[in-house]
Amino acid sequence: MSKSVAKKIQAIRGMNDLLPSESPRWQFFEGIVRQLMQRYGFAEIRTPIVEQTALFARSIGEVTDIVEKEMYTFEDRNGDSLTLRPEGTASCVRAAMENGLLYNQTQRLWYQGPMFRHERPQKGRYRQFHQVGIEAYGFEGPDIDAEVILLSARLWKELGLMEHVTLELNSLGSSEARAAYRDKLVAYFEQHRDVLDEDAKRRLTSNPLRILDSKNPAMAEMLDGAPRLLDNLDEPSQAHFEQLKAMLDAAGIAYVINPRLVRGLDYYSRTVFEWTTTALGSQGTVCAGGRYDGLVEQLGGKPTPGVGFAMGVERLILLLETLDLIPDEAGSDVYLLAMDDTATVAAITLAEQLRSELPWLRLQLHCGGGSFKSRMKKADKSGAAYALLLGEDEIAEHTVTLKALRDDQAQQRVPQAMLAHTLSERLPNTP
RNA sequence: GUGGAUGUAGCUCAGUGGUAGAGCCCCGGAUUGUGGCUCCGGUGGUCGUGGGUUCGAUCCCCAUCAUCCACCCCA
């Protein structure tokens, strides 16, 4: 009998088990989401978790942090470079193109699933995390931008989060206008090179717009004086943005214009937005998205406008937990127990009979033996509203003892033939 | 990737240079067929892991892993 010296195998850093105590929260959230998507006419799409590396490199942008240092990339057995998806949009566009969903038509799609980024884990930031996202293809005007934002707003309302989140809004303009603005911005930064920090200097050539996003207080004053993207929009983007704002105003959705809002992925154009909260510490972005009119073409398709967002499920559930907004539900309606082992067969038979008669019933059958007392304890722990007790006497007279566990109703012997009827009357969630 | 804090029972945490304790949980009993409250008893720890200092380390030192916080990044 030697002690095991094998090294304990642990889960990968930043990748978490979802335990039975937490899964009801996820199911609560996912249920509301699924319903909402249907109500807004979005259809679910599921794509593989692994894609060719080039898909992400080309769509997200070669010089973004995600592509530069956060992707889980590995070689397939045949030498192909594959990557665990770091986000959902690229896969979605690829799948839509590949299956002809973009040919001469519009699409409203949503997806849900795990994403992978090799970042330093922290609360609200994990290496495997989950997103729910939507993507709409083929819509040119700002109405779909509004629709997408309104869908997210309704989700916050239904979850009770509306007072805890803020909508930040910006427009990046067309890619041409952005390029022109970029030159202007670089020129401005060059004049203030002495104020730029290391990171900013590096980005001057790679991604100067991201410098605007910096929280370095030493650069705050200089950034305040920088030319503003919103003042340099092209005419059509300007109009698009104004119309979107008017639509949101009409719908009663409050927003804050944030001229520094740039987003970390290169494919965005025109509308960008973020829903943020102050209740989660430094991981405050709970949902983010925007328009990516050039992406489909960039990936080899016909020019097709797109808008979408992605939200972080872990962060939202964390937020709901923090604010105590998740209703707790009992696991079972009824706990059926044989009083001793001689009654087990009768208990199994009765349980199956009830499950056939009442398909909605959540019935847990006691397994694992033990004293009568311990069986009763298990019944109590199960959270069930009622215990059904089956012993020698009940079997002899074809009854079962029905005992309320959560209130003072007197217990009674019910004929087995009447049991389904009685339970239907007693349990509140009867259809 | 950078800086900092923490790691003792399933959970929340005490504790000491001489190899450990509480509460909760779990199991059993007080109650031959009645849970929850109370009382009694019990199981359970190579003190994150690996080195080092020491007669002796859970405690001191180093490394490593994990979690948390900030930066960074982003969902």
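Below, all heavy atoms of this structure are taken into account, side chains as well, without hydrogens, waters or symmetry copies. Naming: A, B, ... by sequence-line order, numbering from 1 per chain. Note that this is a predicted model, so its numbers are computed, not measured.
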query = So do the side chains of A:Thr89 and A:Ser59 get within less than 4.5 Å of each other, counting heavy atoms only?
reply = no
query = Is the distance from OP1 or OP2 of B:U34 to the nearest side-chain N or O of A:Lys377 less than 4.0 Å?
reply = no
ask   = Using the P atom in both, what is the distance from B:G15 to B:A75, to the nearest Å?
value = 43 Å
task = State, with a plain yes or no, whether a side-chain heavy atom of A:Leu204 is found less than 4.5 Å away from one of A:Arg193.
result = yes
ask   = Whole-Å distance between B:C11 P and A:Glu22 CD?
value = 13 Å
query = What does A:Gly124 touch in the nucleic acid at a heavy-atom separation under 4.0 angstrom: a base, only the sugar-phosphate, or nothing?
reply = base
inquiry  = Between the base of B:G35 and the side chain of A:Gln411, is one N or O donor paired with an acceptor at under 3.5 angstrom?
reply    = no
query = Which whole-number value in Å describes the distance from A:Asp17 CG to B:G10 P?
reply = 17 Å
query = Base, sugar-phosphate, or nothing for A:Asp340, non-hydrogen atoms under 4.0 angstrom?
reply = nothing
ask   = Once Watson-Crick and G-U wobble pairs under 3.5 Å are found, how is RNA chain B written in dot-bracket notation, 5' to 3', with | for any base paired to another strand?
value = (((((((..((((....[..)))).(((((.......))))).....(((((..]....))))))))))))....
task = Please figure out whether A:Lys373 or A:Gly391 has its closest RNA chain B nucleotide nearer the 5' end.
result = A:Lys373
inquiry  = In whole Å, measure the gap between the C1' atoms of B:G56 and B:C40 for me.
reply    = 39 Å
message = Please confirm whether the shortest side-chain N or O distance from A:Arg125 to OP1 or OP2 of B:C74 is below 4.0 Å.
response = no
inquiry  = Whether A:Gln122 contacts B:A70 is assessed here as follows: a side-chain N or O lying under 4.0 Å from the phosphate OP1 or OP2. Is that the case?
reply    = yes
request  = Give one of base, sugar-phosphate or nothing for A:Leu389, where a contact means two heavy atoms less than 4.0 Å apart.
outcome  = base
query = Taking atom P of B:C73 as reference, at what distance in whole Å does atom CG of A:Leu209 sit?
reply = 14 Å
key: From B:C27, B:A75, B:U67, nucleotide with atom closest to A:Lys378 side chain   = B:C27
query = Distance between the C1' atoms of B:A14 and B:U58, in whole angstroms?
reply = 13 Å
request  = Using a 4.0 Å heavy-atom cut-off across all strands, classify A:Ala379 as base, sugar-phosphate, or nothing.
outcome  = nothing
ask   = On RNA chain B, nearest-nucleotide positions of A:Lys69 versus A:Val313: which is more 5'?
value = A:Lys69
Euclidean distance, atom CZ of residue A:Arg127 to atom P of B:C74 [Å, nearest integer] = 16 Å
ask   = Using a cut-off of 4.0 Å on non-hydrogen atoms, how would the nucleic acid contact of A:Gln128 be classed: base, sugar-phosphate, or nothing?
value = nothing
Pairwise P distance, B:G44 and B:C37 [rounded to whole Å] = 25 Å
message = What is the separation between atom CD1 on A:Ile395 and atom C1' on B:G33, rounded to the nearest whole Å?
response = 13 Å
message = I need the OH-P distance between A:Tyr335 and B:G36, as an integer number of Å.
response = 14 Å
task = Report the nucleotide, chosen from B:A75, B:C68, B:G33, that has the shortest atom-to-atom distance to any side-chain atom of A:Phe129.
result = B:A75
query = To the nearest Å, how far apart are A:Leu318 CG and B:A75 C1'?
reply = 12 Å
inquiry  = So which atom in A:Ala343 and which in A:Met339 form the shortest heavy-atom distance, rounded to 0.1 Å?
reply    = CB-N, 4.4 Å
ask   = Rounding to the closest angstrom, what is the interatomic distance between B:C24 and B:U43 at atom C1'?
value = 15 Å
request  = Can you tell me, in whole Å, how much space there is between the C1' of B:G10 and that of B:G18?
outcome  = 30 Å
query = Which nucleotide sits closest to the side chain of A:Gln10: B:C73, B:C65, B:U34?
reply = B:C65
ask   = Closest approach of A:Tyr111 and A:Cys92, non-hydrogen atoms and distance?
value = CD2-SG, 4.2 Å
Stacking check A:Phe372 vs B:G33 (5.5 Å / 30 deg) = no
request  = Answer with yes or no whether A:Arg120 presents, from its side chain, a donor or acceptor under 3.5 Å of a partner atom in the base of B:U2.
outcome  = yes
message = When the C1' atoms of B:U16 and B:G21 are compared, how many Å lie between them, rounded to an integer?
response = 11 Å
query = A:Gly14 near the nucleic acid: base, sugar-phosphate alone, or nothing, with a heavy-atom cut-off under 4.0 Å?
reply = sugar-phosphate
ask   = At their closest point, which heavy atom of A:Leu350 faces which heavy atom of A:Leu390, and how far apart are they?
value = CD2-CD2, 4.2 Å
inquiry  = Looking at A:Asp380 and A:Arg406, is there a salt bridge between them, counting it only when a charged N and a carboxylate O are closer than 4.0 Å?
reply    = yes
ask   = What class does the angle between the rings of A:His130 and A:Trp26 fall in, given that below 30° is parallel, 30 to 60° is tilted and above 60° is perpendicular?
value = perpendicular
key: P atoms of B:G29 and B:G52, separation to the nearest Å   = 49 Å
ask   = When you measure from the side chain of A:Met376, which nucleotide among B:G28, B:G33, B:U34 comes out closest?
value = B:U34
query = Is A:Arg117 touching bases, backbone alone, or none of the nucleic acid, heavy atoms closer than 4.0 Å?
reply = base
ask   = Mind checking whether A:Leu159 and A:Phe28 have side chains closer than 4.5 Å, heavy atoms only?
value = yes
message = Less than 4.0 angstrom between a side-chain N/O of A:Arg210 and OP1 or OP2 of B:C74, yes or no?
response = yes
query = Contact class for A:Glu314 (heavy atom, under 4.0 Å): base, sugar-phosphate, or nothing?
reply = nothing
Spacing between A:Leu319 atom CG and B:C74 atom P, to the nearest angstrom = 21 Å
ask   = Does any donor-acceptor pair link the side chain of A:Arg406 with the base of B:G36 at a separation under 3.5 Å?
value = no
task = Please work out if A:Tyr386 contacts a base, only the sugar-phosphate, or nothing of the nucleic acid, heavy-atom cut-off 4.0 Å.
result = nothing
request  = Could I get the full list of side-chain contact (heavy atoms from CB on, under 4.5 Å) partners for A:Arg58, not counting sequence neighbours?
outcome  = A:Leu299
query = Can you name the nearest heavy-atom pair linking A:Asp143 to A:Met247, along with the distance?
reply = CA-SD, 3.7 Å
key: Side chains of A:Arg94 and A:Gln52 in contact at under 4.5 Å (non-hydrogen atoms)   = no
query = Nearest of B:G35, B:C69, B:C73 to any side-chain atom of A:Glu70?
reply = B:C73
